[in-house]
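So the structure is just underneath, and the comments pick up after that.
Keep in mind that this is a model prediction, so the values were computed, not measured.
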Amino acid sequence: MNSHQASGTAQGTVFPATSESILTVENLHAGYGPIKVLHGMSLTVARGEIHAIVGANGAGKSTLLRVVSGLLRLQSGSIRFQNADITNSRPDEIVKLGVSQAPEGHRVFKGLSVEENLRLGAYMRSDKSTATISSSLEEVFDYFPKLRDRRRQLAGTLSGGEQQMCAIGRALMASPKLLIIDELSLGLAPVIVEELLSILTRIHASGGSILLVEQDVSVALGFSDRASVVQSGRVIMDGVARELLDNPEIITSYLGG
């Protein structure tokens with residue numbers, strides 16, 4: 001993993017956008033009808049890093065991911081991906097550019113087979129040739145051998161951990177430059193979480209960038225290069241993940257630990 005040095009100063013330290021930034025969000029305001037959730041959220045994800053977003057329930061983490069993925073329109077602010085402005089772009093356009101998400105709750109199409117779920121992940125790829133899709137499937141099966149064994153099985157009959165593997169595998173089928181995972185460990189046994197983290201380490205080693213929203217602070221900060229602490233719709237602290245994990249004041253004050 002990369003070692004990206006950063007300031008751990010509170011009150012919204014923001015890493016400036018550079019040629020090494022893959023995602024930059026600035027001063028985001030968004031919500032649902034009259035309910036505002038994001039109140040000027042800003043952060044930067046560096047190319048090639050694993051970046052965690054942590055915070056209490058209701059802090060705005062999942063809303064941020066919906067905005068980045070084009071599922072929720074911004075009221076104001078801007079989003080740049082690889083220096084291209086993707087503010088309020090359509091979800092399909094964002095996927096084509098290289099942003100792919102495994103949503104919260106390891107969601108799969110339960111009435112479809114594992115392989116059919118995975119193939120759906122490649123729907124927005126420009127190259128959908130048989131050879132390309134077959135190669136991507138084999139890559140996913142190499143990461144997740146359990147999915148190879150269950151490729152003809154209905155996804156709804158998989159265990160929770162296997163469904164999470166299927167959801168991540170489906171996101172990988174889009175050949176993303178930035179893989180976003182919302183709540184990796186939700187509802188899963190620790191041994192399954194460890195297995196998934198090991199697989200994500202291999203995926204990251206292949207050159208990808210990962211943005212991880214995770215309810216388990218120790219998992220998120222122990223696994224990531226850098227992290228952003230979110231509170232009340234704002235980033236109130238950025239820093240090297242393990243330094244944040246070692247700071248008891250941060251855990252107590254901002255994360256309820």
Side-chain angles (χ1 to χ4, degrees), residues 1-2 22-23 45-51 65 68-71 81-82 84 86 89-184 188 192-213 223:
M1 297 182 189
N2 297 337
I22 192 167
L23 178 71
V45 178
R47 189 183 308 276
E49 77 171 355
I50 302 174
H51 192 114
L65 298 193
V68 169
S69 298
L71 299 173
F81 177 70
Q82 297 195 125
I86 63 168
S89 295
R90 298 197 315 265
D92 60 309
E93 295 173 335
I94 293 171
V95 173
K96 285 180 180 179
L97 287 172
V99 180
S100 189
Q101 182 176 164
E104 179 183 356
H106 37 81
R107 297 177 192 170
V108 295
F109 296 98
K110 296 185 178 181
L112 300 180
S113 70
V114 168
E115 183 170 330
E116 288 169 335
N117 269 269
L118 296 177
R119 287 181 177 274
L120 283 175
Y123 181 73
M124 299 310 306
R125 290 181 65 157
S126 56
D127 182 1
K128 292 192 281 285
S129 66
T130 299
T132 297
I133 300 303
S134 295
S135 176
S136 294
L137 273 174
E138 286 304 310
E139 183 177 7
V140 169
F141 289 147
D142 285 344
Y143 285 131
F144 302 103
K146 291 179 181 178
L147 297 185
R148 186 194 304 275
D149 296 338
R150 293 159 175 74
R151 63 191 302 168
R152 308 299 182 197
Q153 186 173 329
L154 290 181
T157 65
L158 299 175
S159 68
E162 291 164 350
Q163 288 187 20
Q164 183 69 294
M165 293 176 187
C166 188
I168 295 172
R170 186 179 61 213
L172 289 174
M173 287 293 293
S175 190
K177 299 178 178 67
L178 176 64
L179 174 63
I180 300 176
I181 303 176
D182 192 4
E183 300 291 8
L184 176 76
L188 302 181
I192 301 299
V193 175
E194 286 298 322
E195 182 179 358
L196 289 170
L197 291 176
S198 177
I199 294 167
L200 288 180
T201 299
R202 291 176 54 204
I203 292 170
H204 176 246
S206 71
S209 305
I210 298 175
L211 179 59
L212 175 68
V213 165
F223 177 66

Quick one, [X] and [Y] - any side-chain contact, counting heavy atoms below 4.5 Å?
{"X": "E139", "Y": "M173", "result": "no"}
{"X": "Y143", "Y": "R202", "result": "yes"}
{"X": "F223", "Y": "V193", "result": "no"}
{"X": "R119", "Y": "L137", "result": "yes"}
{"X": "C166", "Y": "L147", "result": "yes"}
{"X": "L211", "Y": "L65", "result": "yes"}
{"X": "F141", "Y": "L118", "result": "yes"}

Mind checking the [atom1]-[atom2] spacing from [X] to [Y]? Nearest 0.5 Å is all I need.
{"X": "H51", "Y": "I180", "atom1": "NE2", "atom2": "CD1", "value": "11.5 Å"}
{"X": "K110", "Y": "N117", "atom1": "NZ", "atom2": "CG", "value": "11.5 Å"}
{"X": "I203", "Y": "L172", "atom1": "CD1", "atom2": "CG", "value": "4.5 Å"}
{"X": "L212", "Y": "I50", "atom1": "CG", "atom2": "CD1", "value": "8.0 Å"}
{"X": "E195", "Y": "F144", "atom1": "CD", "atom2": "CZ", "value": "9.0 Å"}
{"X": "I94", "Y": "S100", "atom1": "CD1", "atom2": "OG", "value": "11.5 Å"}

Return the minimal non-hydrogen interatomic distance between [X] and [Y], and the atom names on each side.
{"X": "E183", "Y": "Q164", "answer": "O-NE2, 3.5 Å"}
{"X": "S209", "Y": "A46", "answer": "OG-O, 4.1 Å"}
{"X": "I192", "Y": "G161", "answer": "CG2-CA, 3.7 Å"}
{"X": "P91", "Y": "L71", "answer": "CG-CD2, 3.9 Å"}
{"X": "Q163", "Y": "L158", "answer": "NE2-O, 3.2 Å"}
{"X": "A102", "Y": "A167", "answer": "CB-O, 3.9 Å"}

Would a distance-only check, ignoring hydrogens and angles, find a side-chain to backbone donor-acceptor pair under 3.5 Å from [X] to [Y]?
{"X": "H204", "Y": "I199", "value": "no"}
{"X": "S198", "Y": "E194", "value": "no"}
{"X": "Q153", "Y": "V114", "value": "no"}
{"X": "S134", "Y": "A131", "value": "no"}

TODO: Hey, could you give me each pair passing salt bridge (charged side-chain N to carboxylate O under 4.0 Å, His left out) that has a residue in residues 157-180? Not counting sequence neighbours.
DONE: R150-E162

- [ ] Might you work through the side chain to side chain contact (heavy atoms under 4.5 Å, CB included) test for L188 and L196, ending with a clear yes or no?
- [x] CA-CA 10 Å; L188 302 181; L196 289 170; 3.6 Å; yes

Open item on the list: Working note: L200 + L184, criterion side chain to side chain contact (heavy atoms under 4.5 Å, CB included); need CA distance, chi angles, decisive distance, verdict.
Closed with: CA-CA 10 Å; L200 288 180; L184 176 76; 4.0 Å; yes

